[in-house]
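Okay, structure first, notes after.
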Amino acid sequence: MKTKPIFNGDTIELTEAPNTMSSSFVQKLVDNYRDNQLAAINTKFGIEDAHSIRFDLSTLKKFISDIENEAKKVNPAITENDLGVRFYYAAYPQVENWNTMEGTPIGTNYAGKHTLVMIPTLKMENTEGETLSYDFNPLDASTYNQNSDNDGEQGEVMAMNKALSAILCQNHGNLIPPDNTVTESF
């Protein structure tokens with residue numbers, strides 16, 4: 001869907017046309033990142049950090065489908081408009097701490113590079129009645145209510161709940177570098 005630059009509160013109106021931006025605008029945004037944040041990271045850490053990440057369309061579709069399907073199992077009244085995805089900037093551990101990556105297919109050529117972690121969000125009202133998009137775990141019904149627990153106190157934020165052993169999320173895509181830059185346009 002195409003987005004119009006018309007904001008209604010916190011949302012952008014959607015139209016049926018594809019979403020587009022001029023390539024010169026995209027190039028400016030990419031250049032801003034590379035000239036500022038990426039340059040600072042590379043200088044401070046003495047590395048060549050990744051400057052893009054790619055996910056297969058099938059991976060993204062499955063992730064979105066999993067969010068929708070698992071949320072509907074817990075609460076069939078949840079709609080597509082209630083759900084979203086938050087992208088967290090993250091970083092792989094340094095080589096000397098790579099043991100934390102045990103059991104993953106991710107190689108040490110990713111060590112120290114930034115990545116993205118995608119976490120599902122669910123619109124819920126806070127104690128003041130304001131609708132906010134909270135991180136939640138579609139696999140855990142206790143994360144579907146951030147308002148209050150049975151004692152009337154603020155519910156525990158998903159990431160702070162140490163009892164959760166696995167959360168629905170998506171992380172690993174192809175970072176450039178270490179993948180080849182020849183495939184990039186910007």
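Nothing fancy with the numbering, it's 1 onward along the sequence.
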Worksheet item: Applying the 4.5 Å side-chain criterion to the ILVMFWY set and letting contacts propagate, would Ile176 and Phe55 be lumped into a single cluster?
Response: no
Worksheet item: When rounded to the nearest 0.5 angstrom, what distance separates SG in Cys169 from CD1 in Ile67?
Response: 10.0 Å
Item to complete: Quick one: closest heavy-atom pair of Ile119 and Phe63, and the distance?
Response: N-CZ, 4.4 Å
What side-chain donor-acceptor pairs closer than 3.5 Å can you find for residues 87-95, not counting sequence neighbours?
{"residue": "Tyr88", "atom": "OH", "partner": "Asp135", "partner atom": "OD2", "Å": "2.4"}
{"residue": "Tyr92", "atom": "OH", "partner": "Asn171", "partner atom": "OD1", "Å": "3.1"}
{"residue": "Tyr92", "atom": "OH", "partner": "His172", "partner atom": "ND1", "Å": "2.9"}

Response to the item:
Residues pairing under side-chain hydrogen bond (donor to acceptor under 3.5 Å, both in side chains) where one sits in residues 73-82, two or more places apart or in two chains, turn out to be Glu70-Lys73, Thr79-Asp82
Worksheet entry | Where Ala71 and Phe136 come nearest, the two heavy atoms and their spacing | CB-CZ, 4.2 Å
Worksheet item: Under a 4.5 Å side-chain heavy-atom rule over Ile, Leu, Val, Met, Phe, Trp and Tyr, are Tyr134 and Val74 clustered together?
Response: yes
Fill in: Distance, nearest 0.5 Å, that separates CG of Asn42 from NE2 of His51
10.0 Å
Worksheet entry | Spatial distance of atom NE2 (His114) from atom CG (Leu38) [nearest 0.5 Å] | 7.5 Å
Worksheet entry | Point-to-point distance, once rounded to the nearest 0.5 Å, from OH of Tyr33 to CG of Leu29 | 13.0 Å
Discussion item. When you measure from the side chain of Asn137 to the backbone of Thr143, do you find a donor-acceptor pair of N or O atoms at a distance under 3.5 Å?
Written reply: no
Worksheet entry | Any donor-acceptor N or O pair under 3.5 Å, side chains Asp140, Ser142 | yes
Practice prompt. Examine Leu83 and Tyr144 and state if one hydrophobic cluster contains both, with Ile, Leu, Val, Met, Phe, Trp and Tyr joined whenever side-chain heavy atoms are less than 4.5 Å apart.
Written response: yes
Worksheet entry | Atom pair CG (Leu168) and CE (Met118), whose distance is rounded to the nearest 0.5 Å | 10.5 Å
Worksheet item: Is there a donor-acceptor pair under 3.5 Å between the side chain of Thr43 and the backbone N or O of Ala39?
Response: yes
Response to the item:
So CD1 of Ile64 and CG of Asn69: to nearest 0.5 Å the spacing works out to 11.5 Å
